[in-house]
Enquirer: 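My questions will all concern the structure given below.
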Amino acid sequence: RICVITLAEAHPLLQSGKTIKNINYQISANCSRLQNKVSGKSKRLCLFIFQMQGAQFLTELAPLCRISSSDGEEYTIYSCIRGRLIEVNENILSNPALLQEKPSTEGYIAVVLPKFEESKSITQGLLTQKEYEEVLLKRRSSAS
């Protein structure tokens, strides 16, 4: 049920050998993902999840952060899923290379918890690894 948001293996920051210059969780003048404060009381994680308060609610198109590369390109990373923002990875602020060196582990961007009643439909809508690779192959062949 918990979704860990990472850069896709086909993302230009992972494919082109670019250097990441900056990561910014400040989405607008009034919205910083770093201000997300989740609280709750429980001895068990599953109960904590149901009691959490203060987490920012995200839609599929909600920006999580902006990543700037040394060549001047800026990439906005979106949630891509509806749910509550559980945490952002502050470690990548001081060590942006984690995004490229360990994108699916220590270099994650955020953790999002979808609504319980929506989690099944979200899971059913995900691509398998094979389907994802087919989408990438089509995208590459149409670009050439």
Side-chain angles (χ1 to χ4, degrees), residues 1-28 30-69 73-144:
R1 279 212 15 172
I2 291 178
C3 299
V4 179
I5 310 298
T6 66
L7 289 179
E9 61 186 57
H11 194 281
L13 285 167
L14 299 180
Q15 293 297 311
S16 62
K18 295 182 179 196
T19 302
I20 296 173
K21 183 175 128 184
N22 181 39
I23 300 163
N24 191 351
Y25 283 111
Q26 186 74 37
I27 301 308
S28 68
N30 299 322
C31 181
S32 172
R33 300 299 181 210
L34 292 173
Q35 298 303 314
N36 189 66
K37 300 296 178 207
V38 179
S39 64
K41 293 182 181 178
S42 178
K43 294 178 183 172
R44 307 179 108 192
L45 177 61
C46 61
L47 293 176
F48 167 76
I49 289 171
F50 294 112
Q51 295 177 0
M52 74 179 163
Q53 299 172 353
Q56 296 175 14
F57 184 78
L58 304 171
T59 64
E60 297 93 326
L61 299 175
L64 288 170
C65 67
R66 291 188 177 82
I67 303 173
S68 302
S69 63
E73 289 285 328
E74 183 176 272
Y75 302 90
T76 301
I77 308 301
Y78 296 93
S79 171
C80 299
I81 193 164
R82 288 171 37 95
R84 298 248 176 230
L85 180 62
I86 302 300
E87 76 173 65
V88 295
N89 185 1
E90 294 184 40
N91 294 330
I92 61 175
L93 296 174
S94 58
N95 188 1
L98 285 173
L99 278 172
Q100 294 165 310
E101 295 168 3
K102 299 179 180 182
S104 59
T105 57
E106 294 172 51
Y108 72 96
I109 294 166
V111 178
V112 177
L113 179 69
K115 286 185 174 183
F116 181 76
E117 56 274 6
E118 293 179 10
S119 59
K120 187 173 183 179
S121 65
I122 290 168
T123 303
Q124 291 172 338
L126 296 174
L127 298 176
T128 64
Q129 182 68 29
K130 184 178 179 181
E131 291 169 331
Y132 174 69
E133 289 169 359
E134 289 171 1
V135 167
L136 292 179
L137 189 60
K138 287 178 188 175
R139 192 180 295 169
R140 287 182 190 128
S141 63
S142 68
S144 23

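Numbering of residues begins at 1 and proceeds along the displayed sequence.
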Enquirer: Evaluate side chain to side chain contact (heavy atoms under 4.5 Å, CB included) for L34 paired with Q26, printing each intermediate quantity in order.
Expert: CA-CA 7 Å; L34 292 173; Q26 186 74 37; over 6 Å; no
Enquirer: Would you say the side-chain atoms of R84 pair up with the backbone N or O of K115, donor to acceptor, closer than 3.5 Å?
Expert: no
Enquirer: Show the nearest heavy-atom pair for residues Y75 and P12, with the distance to one decimal.
Expert: OH-CB, 3.7 Å
Enquirer: What pair of heavy atoms forms the shortest contact from Q100 to K18, and how long is it?
Expert: NE2-O, 2.5 Å
Enquirer: Please round to the nearest 0.5 Å and tell me the distance separating atom CG of L7 and atom CD1 of I77.
Expert: 5.0 Å
Enquirer: Nearest 0.5 Å, what's the OG1-CD1 distance between T76 and I67?
Expert: 9.0 Å
Enquirer: Are L13 and L99 side-chain neighbours, meaning at least one heavy-atom pair lies under 4.5 Å?
Expert: no
Enquirer: Can you name the nearest heavy-atom pair linking Q35 to Q56, along with the distance?
Expert: C-NE2, 4.0 Å
Enquirer: Please report the interatomic distance OG(S32) to CD1(I27), rounded to the nearest 0.5 Å.
Expert: 7.5 Å
Enquirer: To the nearest 0.5 angstrom, please state how far the CG atom of N95 sits from the CD atom of E101.
Expert: 6.5 Å
Enquirer: How many angstroms lie between CG in L61 and SG in C80, if you round to the nearest 0.5 Å?
Expert: 8.0 Å
Enquirer: Would you say E134 and L137 make side-chain contact, with heavy atoms under 4.5 Å?
Expert: no
Enquirer: Flag the pair I92 / E106 as yes when at least one side-chain heavy-atom distance between them is below 4.5 Å, and no otherwise.
Expert: no
Enquirer: Report yes if some heavy atom in the side chain of C65 is under 4.5 Å from a heavy atom in the side chain of V88; otherwise report no.
Expert: no
Enquirer: Contact between N89 and I109 at the side-chain level, heavy atoms closer than 4.5 Å - yes or no?
Expert: no
Enquirer: Quick one, L64 and I5 - any side-chain contact, counting heavy atoms below 4.5 Å?
Expert: yes
Enquirer: Would you indicate whether the side-chain heavy atoms of R33 and L58 approach each other to under 4.5 Å?
Expert: yes
Enquirer: For the residue pair A55 and L85, what are the closest heavy atoms and their distance?
Expert: CB-O, 3.3 Å
Enquirer: Do the non-hydrogen side-chain atoms of N91 and Y108 ever get within less than 4.5 Å of each other?
Expert: no
Enquirer: Closest heavy-atom contact between L14 and A8?
Expert: CD1-O, 3.2 Å
Enquirer: Minimum heavy-atom separation for I122 to P114, with atom names?
Expert: CD1-CB, 3.6 Å
Enquirer: Kindly compute the distance separating CD1 (I2) from CD (E87), expressed to the nearest 0.5 Å.
Expert: 9.0 Å
